Amino acid sequence: MNYKEYKNLSYPQIGDDILKFWKDNRIFEASVDTREGSPSFTFYEGPPSANGTPGIHHVMARSIKDIFCRYKTLQGFQVKRKGGWDTHGLPVELQVEKELGITKDDIGKTISVEEYNERCRQTVMKFTDQWNDLTEKMGYWVDLENPYVTYENNYIESLWSLLKKLYDKGLLYKGYTIQPYSPAAGTGLSSHELNMPGTYKDVKDTTIVAMFKVKTVESYPVFADVTGLVDLRILAWTTTPWTLPANSALTVGANITYVLVKTFNPYTYEPVEVVLAKDLVGKYFTEKGEDGDFEGYAASDKKLLPWTVLKEFKGKDLEGVEYEQLMPYVQPDKPAFRVIIGDFVTTEDGTGVVHTSPTFGADDFRVAHANGIPAIMVKDENGKEVPIVDRRGRFVKEITDYADRFVKPEYYSAEEQADPEFRATDVLIAIRLKEEGKAFKVEKYEHTYPHCWRTDKPVLYYPLDSWFIKTTAMKDKLVELNKTINWKPESTGTGRFGNWLENLVDWNLSRSRYWGTPLPIWRSEDGEEVCVGAISELKRLLEKANASGKLSSEQAESNKTYLAKLGDGDFDLHRPYVDNIYFVSSQGNVMFREPDLIDVWFDSGAMPYAQWHYPFENHEIFNESYPADFISEGVDQTRGWFFTLHAIAGMLFDSVAFKNVVSTGLVLDKNGNKMSKRLGNAVDPFETLGKYGPDATRWYMITNAEPWDNLKFNIDGIQEVQRKFFGTLLNTYNFFALYANLDGYNFHEATAVPVESRTELDRWILSKLNTLIKEVGEQFDDYNPTKAGRLVQDFVTDQLSNWYIRLNRRRFWNPSSENAGLTEDKKAAYETLQHCLVTVSQLMSPIAPFFAEWLYKSLTDGIREESIKANSHLKYDSVHLTHWPVVEYSDIDLDLEEAMEMAQSISSLVHSIRKKHKLKVRQPLSKVLIPALTEKTSRQIHQVASIILSEVNVKDVDAINDNDGFFHKRAKPNFKVLGKKFGKDMQAVAEKIKLWDNNEIMQLEKDGQYLITDLQPVAAILIDEVEIYTEDVPGWLVASENGLTVALDITVTDELRLEGIARDFVNRVQNLRKDSGFEVTDKIEIALENNNELLASAVIANREYICQEVQAMDLRLVPELIGEINGEIEMDEFLLRINIGVVS
RNA sequence: GGGCUUGUAGCUCAGGUGGUUAGAGCGCUACACUGAUAAUGUAGAGGUCCGUGGUUCGAGUCCACGCAGGCCCA
C-alpha cells in the first residue's frame, strides 16, 4: 500500500503526530539550515512579555508572522527567526508589588532594591513555559533556544551604546514634562498612582471666566467688518485661577463655531464685546436679554445683561489674534499671548476657549510647544529656569502680590484655613480681576480633581525633569523614511503612523522606577555630564575615578567592589549596583548617576541591534539582517514598537528598521466585544488548539477576515472551516488513496503522461492549478494571507472536489484495469490528482503547516526513496523543505478555463430545467441546444460537450449559430459606452433598445449600426454598443443566466424511457450490493423476476450497460423467483423482485 | 474632542477605475443524487447596501454632513 488510508482521523492528532515528526527530525532547523547561502529574508520578532499568559489573539498575531516566514522559506530564502523576551517595565513591577503586598514607597525601605529587582527577574519569566508550549502547539516556528532577553547585560550594553550615540549627536537632553505632582508629598505621581481608587474627588473650586483684551482689533480680517467695537475681549474659563499669571496663549478648536457678542461687563458695567463658542452662549446670557435694551442698561438695576450677536466665525479664523497679557508679572523671552489651534478644545463647558499655561498643563505644554509659544518661567538662584510656582506649591517672589502664597488652600494648615480672614489665593485673584475689569464671571464650581493618595492633598500638574530623545529634530527624516515602508494596511502607515510622525513630540525616556535599563548618564553638581556607551568605558571611568582620590572612602570602596565584579564577569548593569558607581568630573567633583530608568519601549525598539549585541559583536550577522524585511504586530503597537524601531533606526542609522509591516487588528469575541479575562469571554488558546487542532484554528482566523480588520472570533467558524475545507480535502485524499492503492498506482516522474496528451478535464484542472499557484503567490507577495487562503480553499472545494473529482469518478472506478494494469488514461488521472494535491499541500503549508505536512507526507512518503534517487521535487521529507511551485505558464489555458466555466453554467441551467419539470437526472434526454452567438462560444461548447452530456445525462449537445430567427434575440444597452455617448438621453435610448426584437437586431447585425429614428436627435447605435443575447427558443424549455441560454428537449422517447428505467434498475442493484455488504470488486450474478413487460424490455435492451455498471457476470430474467428473495423493492412504477449473489 | 478604521442577507464575508436583476459560504425550507456518503447537486425564502443631502443620464461605489461600533490619543 503506497498511500495511507485513514478512518476517523482527528485533526488534533495530526497536529501531535506532525509536531513529533518535526521535533524528531529537527525540521524547523533544517528549513533554515538548508537555505544556507541563499539570500536572507529577515524577520524581527516583537518580544512578548512572559509575565502574563498568552491569549487567542497571540495565535492570530503569530500565525501572521509564521505564514510569511514559511512562505519566504519555500521561496528559497533563508529566514532566521530569533525569539525574544521583553522583560523590563511597569507591568512586571506592579505584579511584584502585588505579590509582595508592597507599594513603591516600600522599595528601598522594607525591601532592598536588590531583592526587589531579583524578584522582578524571576517573575518576568514566570509563564515562559506556557508561551513556549503555545508556540510549539500552534506551529509557530521561531528560535526559542537562543532568544534575546532584554535584561541581560549584553542587551543593556547595546542599549547604552545606542544612547551614547544619541547623546553624542546632541539628541539626548534633560528637559521637563508636565506630570501630576504632589507638592505636599514632594513627589511626582505615576499614571497608575493616579488611577488608584479614591484619588479623584469632588471639590468646589473658585473658577473664573477671564477676559483677554484683543490688541489692534482692526488688523484682523475676522473683526474688520464689524464696526463700532469699543473693547473686544476673548473669554476663557479656568478652574485653576492660580495658573493665570502663567498664561501665555489661548487655544481654540479649529472647527468650533464662535460668536462675537456685544454686551456689558457685569462687574464694571462698561460696554464690551466678547468672543466665546456659539454653543455656550446660553451659559452666560439669558434669552430675555437677547437684543435687549442697551441704552437703558446703565439706568437699570443691571440684573439683566442685554446682548446681541455681532458675528459668527470658526475657530481657525481666530488663529494668530494677539491679546494683552492678563497678569503681567513675568515677561516671556519670546513672543506670546496669541490665539492658537488645539485639538483638545471642547464646548462641553467653559467658553470653548482654553486658557493655556505651558508649565501647568500637559495639553497646554504640547500645544504651546507645537506653536512656538514660550512658557512663563523665572530664573532661580542658580540661573536655572523654574516655573512661577515652587516645588512646595507656593508662588515665587516675582509674583509680587502673591509671593510665597500657596496656590491651593488645602496646602495651608487646618488652623490657617479656619481663620475667618483667610482667603484662598484663587479668591484673591478673582477679586483683583473683577476690580480690573478682567473677569466676566466668577463662581464656585464643583468638579472632580485628582488628589495625592498619600497626603490626600490636591495634585498639581507641574513641570518635572525628564530625559528626552529629541525626535523632533529628526522629524523630517522620519517622515521621509516612513514613505518607503510598505504598510499593510496602507492607511495605518499614512494615517495613524504618518500623522503621528507629523505631530511628533520629543520622546520622554525617563521612568522613575527600579526594574529596567538604567540611564547611563552620570552628572556632577556643577553640571558636567558623561554618558557611558560600553562596559569597557564604565570600567575605565571607574578606574579613573578611584585613581583621582576625590571620592569618599565609601564611594571608592563601592567602586572597587564593582570593578572586582566586572573582572569576574559577575556584574549586573541594573539598579542598585550602577547607582553605587561614582565618577569624578574634570573639576574634581563627584558625579552621580541620573537615577532614572529608560522607557522599556527603547528596549524593544533597539532589538535589531541588541539582539546581536551589536556593535560589540556579530557585525556580519547584523549587517545581513538589517533592516528587517518583515515585521508584524497589533495595530496598538503603532506608537509603541513600530515607532521605537523606526525612530532609533532613522535617528542613528539613517535607515528604516523594517521594509514591510503588517499591523493586525484585534481579536474580539463573537459578539464584537473586547475579550477580557475579567468578563469571562476570553477564549483559551490551549483549549481551542486542543479541540480543533492548530490548522483549522489558524485557517479560520486567517481566512475569515483580513489581518488588519478586527476578527470576531466564533468557534462555529472553526468547525465550518474544518468541515468545509479540511473535510473536503481529506475526502479528496482518501478517494485518491483508496483507488490508487487498489490499482497499485505509484508516481514515476520519468514515465508521467505528458500534459498535452491528458484529457480535457485533466488539462483544465492543471490549468486551474497553475493559475492558482500564480494568484496565491501574488497574494502572499502582497502580504495578504486572507486572499491567498480563500483562493486555495475555493480551488479545493469548488474546482478540485466538486467538479474534477465528481466528473472523473468513473475513470477511477473503471474495473477493467485488473488484468490490463493501469491504462494510460487512468495513470494520467492519478498523476493529475496527485499533482494537484501535492501542490495544494505546498500552497496551504504557510497557513496550515501541520495538515499540509500530513497531506504531503501521505502523498509522497511511499515514493520518497525513489524520488531521492531521481532527485525529483518530491525528494524532501517535509513540505516545509520543498520549493514553492513554479507556475507552468504553458499549462495555463484560459480558453479552456472559460469553456469549462461555461460547461458548469450550462450544466447548472439544465439541472434547473429538469428540476422545474420534475425530470430526474437518471432519465436520459435527447438534446440540449445552446444558442452560440459567436464562433468562439460555439467552439468552446463543442470542446466541453462530452462533459456536459455526462453531467446532465443528455444524448446530444448542440451549439448553433443562428441567423434564421430561430431564437428570440434581445439587446441590452452597454451603459458604460452609451452613457458617455448620449448623456441625458441615456434613459430614453435604453428604453428603445430594450424593446428591440429579432427584426431590429438582425438589421443591426447586418449593417453594423441601427438608427433610432423616433428620437430627437436620431440615435445611431453601433453593434458593439449593445450586448445581444437570446431570451427564448420557441417550442423549447429554456433557462438563462448571465446572457447564457440553454434550451432542453424534454421529449422522452420509448428508447429513452427504457434507458431511464435501466438506470433506475442499476441504481437499485447498486444499493442492494451495498446493503448486502459486497466488496466494490465483487462480481455478481442477478436473477430478476419477470413481472412487468416494460421492466423486462428495459433490462433486455440495456443488458450490456447494466451488467457493466453493476459488475454482473450474469443477468437472468426468470418467470418466478423461488426460495429466498434478497431484494424486493418498489420502483417508480414496478415492484422489483430480485436475487443477487457473488460469483466466486 | 482629535486621528485612523468598520458598517452590504439571520451569521461570517466578496463586491478594480461609478453602468441598471448587489453576490458567496453557513444556517433555514423543499427536492434530487447515491461505490468520496457524517459527502454532493438543484431550487426557494431572506437586502430601505447605517442615515440624510449632493455630484451624475446613472451611486453599494465619488463628495459633504451625521449616526453607531472599534483602536489609539487627549
Side-chain angles (χ1 to χ4, degrees), chain A residues 253-256 342-348 362-363 366-367 489 491-500 502-503 634-640 663 665-666 668 670 672-674 700 703-706 708-712 714 716-717 719-721 723-725 727-728 730-739 786-787 790 793-794 797-798 801-802 805-806 809-810 812-813 815 907-916 918-922 951 972-990 994 1041-1042 1067 1070-1071 1073-1074 1078-1081 1109-1111:
Chain A
N255 293 318
I256 295 174
D343 58 14
F344 55 89
V345 182
T346 74
T347 55
E348 266 158 39
D363 276 335
R366 187 171 52 83
V367 72
S491 61
T492 300
T494 54
R496 192 182 276 228
F497 195 67
N499 290 346
W500 157 254
E502 293 287 351
N503 297 306
V635 67
D636 51 336
Q637 293 294 333
T638 308
R639 294 173 185 194
S663 87
L666 262 67
L668 308 170
K670 65 176 175 181
N673 299 314
K674 202 171 170 170
Y700 163 70
T703 57
N704 191 60
E706 291 186 319
W708 33 88
D709 284 338
N710 290 347
L711 171 69
K712 286 188 203 165
N714 191 344
D716 296 346
Q719 277 176 321
E720 187 183 324
V721 156
R723 235 187 18 249
K724 183 106 184 99
F725 176 59
T728 305
L730 191 64
N731 271 339
T732 306
Y733 169 77
N734 274 338
F735 177 85
F736 168 81
L738 175 69
Y739 293 104
T786 306
K787 286 192 172 149
R790 286 175 180 172
Q793 179 163 337
D794 290 348
T797 57
D798 296 349
S801 170
N802 284 346
I805 299 255
R806 202 156 52 76
R809 275 183 295 199
R810 297 201 151 259
F812 292 97
W813 302 339
S907 302
S908 159
L909 286 168
V910 172
H911 279 306
S912 87
I913 298 175
R914 278 180 172 275
K915 157 86 188 159
K916 218 168 280 168
K918 298 199 186 303
L919 288 161
K920 49 177 146 186
V921 179
R922 259 197 303 258
E951 178 65 5
K972 225 194 226 172
N974 181 339
F975 282 91
K976 210 165 181 169
V977 181
L978 291 174
K980 286 200 184 86
K981 189 164 163 184
F982 292 109
K984 280 193 204 313
D985 301 324
M986 184 63 238
Q987 294 307 334
V989 173
K994 279 175 191 165
E1041 182 187 72
N1042 297 328
N1067 164 247
Q1070 295 286 36
N1071 286 344
R1073 279 185 60 123
K1074 215 161 44 163
F1078 296 176
E1079 290 298 317
V1080 175
T1081 44
E1109 284 298 303
V1110 303
Q1111 302 190 54

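Every chain is numbered from 1, with letters handed out A, B, ... down the list of sequences. All values derive from a computational prediction rather than experimental measurement.
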For this session: Provide the distance between the two P atoms, one in B/G27 and one in B/A39, to the nearest whole Å.
Result: 9 Å
Problem set entry | Residue A/His911, side-chain heavy atoms: nucleotide from B/G41, B/A36, B/U12 that is nearest | B/G41
For this session: For B/G51 and B/G7, measure between their P atoms and round to the nearest Å.
Result: 13 Å
Exercise. Just how far is it from atom CG of A/Asn731 to atom CG of A/Leu738, taken to the nearest 0.5 Å?
Worked result: 11.5 Å
Exercise. Base, backbone or nothing for each nucleotide of nucleotides 17-32 of chain B, written B, S, -, heavy atoms under 4.0 angstrom, 5' to 3'?
Worked result: B-BB----SSS---SS
Seminar exercise, completed: Using Watson-Crick geometry (N1-N3 plus N6-O4 or O6-N4) or G-U wobble (N1-O2, O6-N3), each under 3.5 Å, B/G18 is paired with none
Exercise. Which one is paired to B/C71, where only Watson-Crick or G-U wobble pairs with both distances under 3.5 angstrom count?
Worked result: B/G3
Problem set entry | Position toward the 5' end of RNA chain B (nearest nucleotide), A/Arg790 or A/Gly342 | A/Gly342
For this session: Report the distance from atom OH of A/Tyr700 to atom CD of A/Glu720, rounding to the nearest 0.5 Å.
Result: 9.0 Å
Problem set entry | Spacing of CZ belonging to A/Phe725 relative to CG belonging to A/Leu730, to within rounding of 0.5 Å | 11.0 Å
Problem set entry | Nearest-Å distance once atom P is located in both B/G44 and B/A24 | 10 Å
For this session: Identify whether any heavy atom of A/Ser801 sits under 4.0 Å from a base atom; if not, whether one sits that close to sugar-phosphate; answer base, sugar-phosphate or nothing.
Result: base
Seminar exercise, completed: Its contact letters, B for base, S for sugar-phosphate only and - for none at protein heavy atoms under 4.0 Å, make nucleotides 63-74 of chain B read -------SBSSS
For this session: Using whole Å, report how far CG of A/Leu730 lies from C1' of B/A36.
Result: 10 Å
Exercise. Now, which nucleotide makes the Watson-Crick or G-U wobble pair with B/C33, with each of the two distances under 3.5 Å?
Worked result: none
For this session: Might you point out which heavy atoms bring A/Gly342 and A/Val367 nearest each other, and give the distance in Å?
Result: CA-CG2, 3.9 Å
Exercise. Does A/Arg806 make a side-chain N or O approach to OP1 or OP2 of B/A36 shorter than 4.0 Å?
Worked result: no
Seminar exercise, completed: B/G25 -> Watson-Crick or G-U wobble partner, both distances under 3.5 Å, gives B/C11
For this session: Could you tell me whether the side chain of A/Thr728 has a donor or acceptor atom within less than 3.5 Å of a complementary atom in the base of B/A36?
Result: no
Exercise. If only atom types and distance count, is the side chain of A/Arg790 paired as donor or acceptor with the main-chain N or O of A/Asn704 below 3.5 Å?
Worked result: yes
Exercise. What distance, rounded to whole Å, do you find between the two C1' atoms, one in B/G18 and one in B/C49?
Worked result: 15 Å
Problem set entry | Whole-angstrom distance between B/G15 and B/C73, as gauged at atom C1' | 34 Å
Problem set entry | Gap between atoms CG and C1', on A/Asp794 and B/U12 respectively (whole Å) | 14 Å
Problem set entry | Straight-line distance of A/Arg809 CZ to A/Tyr739 OH, nearest 0.5 Å | 9.0 Å
Exercise. Sequence neighbours excluded, which residues qualify as salt bridge (charged side-chain N to carboxylate O under 4.0 Å, His left out) partners of A/Arg496?
Worked result: none
Problem set entry | Of A/Gly495 and A/Asn704, the one whose closest RNA chain B nucleotide lies more 5' | A/Gly495
Problem set entry | Atom P, compared across B/G10 and B/A45: separation rounded to whole Å | 15 Å
Exercise. Could you give the CZ-to-P distance, from A/Phe735 to B/U40, as a whole number of Å?
Worked result: 15 Å
Seminar exercise, completed: Re B/C65: Watson-Crick or G-U wobble partner, both distances kept under 3.5 Å, found to be B/G51
Exercise. For A/Thr797 and A/Lys724, which heavy atoms make the closest approach, and how far apart are they?
Worked result: CG2-O, 3.4 Å
Exercise. Given atom CD of A/Glu706 and atom C1' of B/A14, what is their separation to the nearest angstrom?
Worked result: 10 Å
Exercise. How long is the span from the CG atom in A/Asn802 to the CG atom in A/Asp794, to the nearest 0.5 Å?
Worked result: 11.0 Å
For this session: Would you kindly give the CG-to-P distance between A/Asn503 and B/G3, to the nearest whole Å?
Result: 11 Å
Exercise. Given atom CZ of A/Phe497 and atom P of B/U5, what is their separation to the nearest angstrom?
Worked result: 16 Å
Problem set entry | Side chain proximity check, A/Thr492 to A/Trp708, heavy atoms < 4.5 angstrom | no
Seminar exercise, completed: From the list A/Asn710, A/Leu711, A/Asp709, side-chain contact (heavy atoms from CB on, under 4.5 Å) partner of A/Leu666 resolves to A/Asn710
Exercise. How far, in whole Å, is B/U8 from B/G25 if one measures between their C1' atoms?
Worked result: 15 Å
Seminar exercise, completed: From CG of A/Asn714 across to C1' of B/U12 the rounded distance in Å is 8 Å
For this session: Ignoring the backbone of A/Asp709, work out which of B/A36, B/G3, B/U6 is nearest its side chain.
Result: B/U6
Problem set entry | Same-atom distance (C1') from B/G46 to B/U21, integer angstrom | 16 Å
Problem set entry | Strand partner of B/A39, provided both Watson-Crick or wobble distances fall under 3.5 Å | none
For this session: Give the rounded distance in Å between these two atoms: CG of A/Asp798 and P of B/A14.
Result: 17 Å
Exercise. Closest heavy-atom contact between A/Ala705 and A/Thr786?
Worked result: O-OG1, 3.3 Å
